[in-house]
Amino acid sequence: MMNHRVYEKSGISVLELKGSITMGGGDVTMRDLIKGLLEQGKKQILVDLGGVSFMDSTGLGELVAAYTTARHHDATLKLVNLTKKIHDLLTITQLATVFEYYEGFDEAVSSFKN
Amino acid sequence: MMNHRVYEKSGISVLELKGSITMGGGDVTMRDLIKGLLEQGKKQILVDLGGVSFMDSTGLGELVAAYTTARHHDATLKLVNLTKKIHDLLTITQLATVFEYYEGFDEAVSSFKN
Amino acid sequence: MGPETRNDLKISIRVRSHLRYSDLFHTVLGQVARLVPLPAERLDWIALSLREAVNNAVLHGNKNDFSKWVEVEMEVSGTTFTIRVWDEGPGFSPGVLLDPRRPENLFKPNGRGIFLIRQFTDRADFARSADGRFGICMSVDLDSNEDKEAGE
Amino acid sequence: MGPETRNDLKISIRVRSHLRYSDLFHTVLGQVARLVPLPAERLDWIALSLREAVNNAVLHGNKNDFSKWVEVEMEVSGTTFTIRVWDEGPGFSPGVLLDPRRPENLFKPNGRGIFLIRQFTDRADFARSADGRFGICMSVDLDSNEDKEAGE
Ligand SMILES: Nc1ncnc2c1ncn2[C@@H]1O[C@H](COP(=O)(O)OP(=O)(O)O)[C@@H](O)[C@H]1O
Ligand SMILES: Nc1ncnc2c1ncn2[C@@H]1O[C@H](COP(=O)(O)OP(=O)(O)O)[C@@H](O)[C@H]1O
């Protein structure tokens, strides 16, 4: 079951996800949430994965789709607060080479300034 | 998994049980605990079942065995803090007619004075 | 019920004969209960019935012989939820069962398992499987509002 | 291992083809993991493999047809833990599988399920059951200390 919260922080849209990001795991998908932000014209999106306890290949696919959709809208999508498990998943699938991700929240937010 | 605590209160030995009282549910059985108290010469025993979340027919059998063993030692065994489920079990099996039981702890303790 | 909301399922768990698996069965039942769904106020009693049947299979049926197997089946079909517990023992004749509520039985520590199963399920029968195992078959009606708990 | 400590078991769960049952499978695996025991650091990855296989059975195998069945089997035998997931579909040739790590596949949202299963289990094979169902059979060696997680 995925829960989410969206808020603005220093001009950046933060999408905070919690719970399981799995096939059939929620009514709202990450993809829809990101699309919503892009349609509002948001250009800087930070996905906070700190509360995500479980993610399957569908979740990874959602992340990839979010990333490419953001690109098409000339927006930037970055990740923060990866748990060890999610970091492992990104490494094994070599998606770690695709995503820009940060350990700390402040570091992630200020990276958008550059 | 059954947990227990034994203490004295106004000269009465209180056996406080917690968790599940089931077949194979613990290393120590209720029967052994009661036997231990009787061998120490205790004559007034109050079994506090308030924390017992689950009990099967083995648990009921332990209660009955404890009751009759106490009788053989000229000791009195009473029950207190029955949950709805345990009260239902005692009623259905008509063991409610065998045991002396009390709703409140103080009431139970003072009943030994009479 | 529409076809998409029906929860037909069939679970079989076969383990060596030991009480250490009782919590596994109990947890699986809890999960199944959420799906079916089983009425919340009956779940603990159905779990109790399951545990009683497993205790009997391990102790009386398989006589604590760890090389023997116990199988628990749970099945939802239409509006009936059925639990079957199989052991490799000789079974018994229900005639040996005594009413634990009778004065002469009230102080016995044993003999309440099957009595409780009969109180808390809607039907309990004994059976012999095609491959010769002994089993108890307990059913619960999912669409009845009858409160078996208050029964008799 | 002494005979009393072995946890030989065989679980079969048959449900209608729907993702709502994934949590049931996941919970049962968690319970089995405590009994077997499965190494704690591998459990989440084995659970992930199970979910991937079930997703595939429901989506690709049974094509979301709720009248079809999915069966999950878990078996502990000796020092091997095996999970089998069966569907009623036509199966596929493993030749269709692409390496999701290749640059041309990296940005595709799909195609990582079986790759992850192969990373996180010790053996993954495809099979056809006696009654014609298609299955994936995933094994984990219980006595190996090899850390598959760090694999490749
Ligand atoms: N699976 C079984 N195989 C053989 N005998 C059984 C089985 N289940 C029950 N019995 C018989 O029925 C009796 C009553 O069982 P039960 O009501 O559960 O009480 P208890 O187990 O406390 O004796 C048992 O003592 C045993 O003789
Ligand atoms: N149970 C199955 N039945 C039929 N085809 C399958 C099955 N499992 C996998 N496949 C095929 O293998 C492909 C790759 O599966 P997978 O690696 O899990 O990625 P994805 O499910 O994201 O496509 C699927 O797209 C499908 O064509």
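So that the names make sense, note that chain A is the first sequence line, chain B the second, and so on, each numbered from 1. Computation of the quantities below employed the complete heavy-atom set of this structure, encompassing side-chain atoms and omitting hydrogens, waters and symmetry-equivalent molecules.
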Check step by step if side-chain contact (heavy atoms from CB on, under 4.5 Å) holds for Leu116(C) and Leu89(B).
CA-CA 9 Å; Leu116(C) 290 176; Leu89(B) 274 180; 3.9 Å; yes

About how many Å separate [atom2] of [Y] and [atom1] of [X], when rounded to the nearest 0.5 Å?
X	Y	atom1	atom2	value
Phe54(B)	Arg51(C)	CZ	CZ	5.5 Å
His26(C)	Thr22(B)	NE2	OG1	9.5 Å
Asp99(C)	Gln94(B)	CG	CD	7.5 Å
Thr58(B)	Asn55(C)	OG1	CG	5.0 Å
Phe115(C)	Leu60(B)	CZ	CG	10.5 Å
Ile92(B)	Phe120(C)	CD1	CZ	3.5 Å

Taking everything shown except Glu107(B) itself, do over 12 heavy atoms lie less than 6.0 Å from its CD?
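Counting other residues, nucleotides and ligands, CD of Glu107(B) exceeds 12 neighbours.
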
For Arg71(B), is the CZ atom crowded, meaning more than 12 foreign heavy atoms sit under 6.0 Å from it?
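Open: at most 12 neighbouring heavy atoms sit under 6.0 Å from CZ of Arg71(B).
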
Taking C-beta and beyond as the side chain, do Leu95(B) and Arg112(C) meet within less than 4.5 Å on heavy atoms?
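Yes, at least one pair of side-chain atoms sits under 4.5 Å.
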
Taking C-beta and beyond as the side chain, do Leu59(C) and Met23(B) meet within less than 4.5 Å on heavy atoms?
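Contact flag for Leu59(C)/Met23(B) side chains = yes.
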
Going by salt bridge (charged side-chain N to carboxylate O under 4.0 Å, His left out), name the pairs with one or both residues in residues 33-44 of chain B, residues two or more places apart or in two chains.
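Qualifying pairs, neighbours excluded: Glu8(B)-Lys42(B).
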
Is there a donor-acceptor contact under 3.5 Å from the side chain of Glu52(C) to the main chain of Ser57(B)?
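Yes, Glu52(C) side chain to Ser57(B) backbone: donor-acceptor pair under 3.5 Å.
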
How close do Glu41(C) and Lys85(B) get, heavy atom to heavy atom, and via which atoms?
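Minimum heavy-atom contact is O-NZ, 3.6 Å.
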
What part of Asn110(C) lies closer than 4.5 angstrom to a heavy atom of chain B: side chain, backbone, both or neither?
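The answer is neither part of Asn110(C).
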
Heavy-atom proximity to chain C below 4.5 Å, by part of Thr97(B):
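It is the side chain, since no backbone atom gets that close.
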
Tell me, for Thr68(B) versus chain C, whether the close heavy atoms (under 4.5 Å) come from the side chain, the backbone, both or neither.
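Only the side chain of Thr68(B) comes within 4.5 Å of chain C.
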
